[in-house]
Amino acid sequence: MTPATLKIEGTTPFDGDMARKGYALNKMCFSFNSAENRAEFQADEEGYMAKYQLTEPQKAAIRSRQVLALIAAGGNAYYLAKFAGIFGLDMQDIGAQQTGMSKDEFKAKLQAYA
């Protein structure tokens with residue numbers, strides 16, 4: 001099995017197909033580097049998503065605030081962190097959500113590996 005076809009249970013590899021699938025979503029999330037864009041999104045989420053021509057599954061994932069749905073819609077963790085930051089979430093919050101743990105449980109698991 002080549003690395004390109006390697007499947008890891010419970011993961012969604014971010015490959016070329018996912019990059020193409022998530023281009024608009026990731027482009028929108030990248031725009032959140034700007035405070036002005038974050039404010040525009042918060043004022044009119046639907047209008048902001050339409051501006052980037054998100055697909056219906058991408059819009060549903062944004063509305064749900066669920067990381068796994070965002071990843072399935074083509075989201076890249078780096079860009080999703082920018083989206084999560086709007087709501088005061090950090091990468092540990094995202095990791096906890098992905099694993100079904102509380103943030104404290106996730107942090108304890110990370111520290112156990114240190």
Report whether Tyr52 and Ile86 are members of the same hydrophobic cluster (ILVMFWY, side-chain heavy atoms less than 4.5 Å apart, transitive linking).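 Looking at the clustering, Ile86 is in the same group as Tyr52.
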Check the hydrophobic clustering (I, L, V, M, F, W, Y; side-chain heavy atoms under 4.5 Å; chains of links allowed) and say if Leu68 and Phe87 are grouped together.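 Leu68 does not cluster with Phe87.
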Per the salt bridge (charged side-chain N to carboxylate O under 4.0 Å, His left out) rule, what does the pair list look like for residues 72-81, sequence neighbours excluded?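 Sorted result for residues 72-81: empty, none.
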Acceptor/donor pairs from residues 105-114 side chains to any protein atom, 3.5 angstrom cut, sequence neighbours excluded:
residue : atom : partner : partner atom : Å
Glu105  : OE1  : Ser102  : N            : 2.8
Glu105  : OE1  : Ser102  : OG           : 3.4

Check side-chain contact (heavy atoms from CB on, under 4.5 Å) between Asn37 and all other residues, then give those that pass, not counting sequence neighbours.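 Expected list: Ser31, Ser34, Glu40, Tyr48.
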Would you please name every residue forming a side-chain hydrogen bond (donor to acceptor under 3.5 Å, both in side chains) with Asn33, sequence neighbours left out?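 With sequence neighbours excluded, Asn33 shows a side-chain hydrogen bond (donor to acceptor under 3.5 Å, both in side chains) to Lys82, given in chain and number order.
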Distance from [X] atom [atom1] to [Y] atom [atom2], nearest 0.5 Å?
| X | Y | atom1 | atom2 | answer |
| --- | --- | --- | --- | --- |
| Tyr78 | Phe14 | OH | CZ | 13.0 Å |
| Gln53 | Met28 | CD | CE | 13.0 Å |
| Gln42 | Phe32 | CD | CZ | 8.5 Å |
| Leu25 | Met18 | CG | CE | 9.5 Å |
| Ile62 | Leu80 | CD1 | CG | 7.5 Å |

Keeping the roles fixed (side chain from [X], backbone from [Y]), state whether a donor-acceptor pair exists under 3.5 Å.
| X | Y | result |
| --- | --- | --- |
| Lys59 | Ala50 | no |
| Gln58 | Lys21 | yes |
| Asn26 | Tyr79 | no |

Under 3.5 Å, sequence neighbours excluded: what are the donor-acceptor pairs made by side chains of residues 88-96?
residue : atom : partner : partner atom : Å
Asp90   : OD1  : Gln92   : N            : 3.0
Asp90   : OD1  : Asp93   : N            : 2.9
Asp90   : OD1  : Lys103  : NZ           : 3.4
Asp90   : OD2  : Lys103  : NZ           : 3.0
Asp93   : OD2  : Asp90   : N            : 2.8
Asp93   : OD2  : Lys103  : NZ           : 3.4

Name all residues meeting the salt bridge (charged side-chain N to carboxylate O under 4.0 Å, His left out) criterion together with Glu46; count only those two or more places apart in sequence or in a different chain, and write none if there are none.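 If we apply the salt bridge (charged side-chain N to carboxylate O under 4.0 Å, His left out) test to Glu46, skipping adjacent residues, the hits are Arg63.
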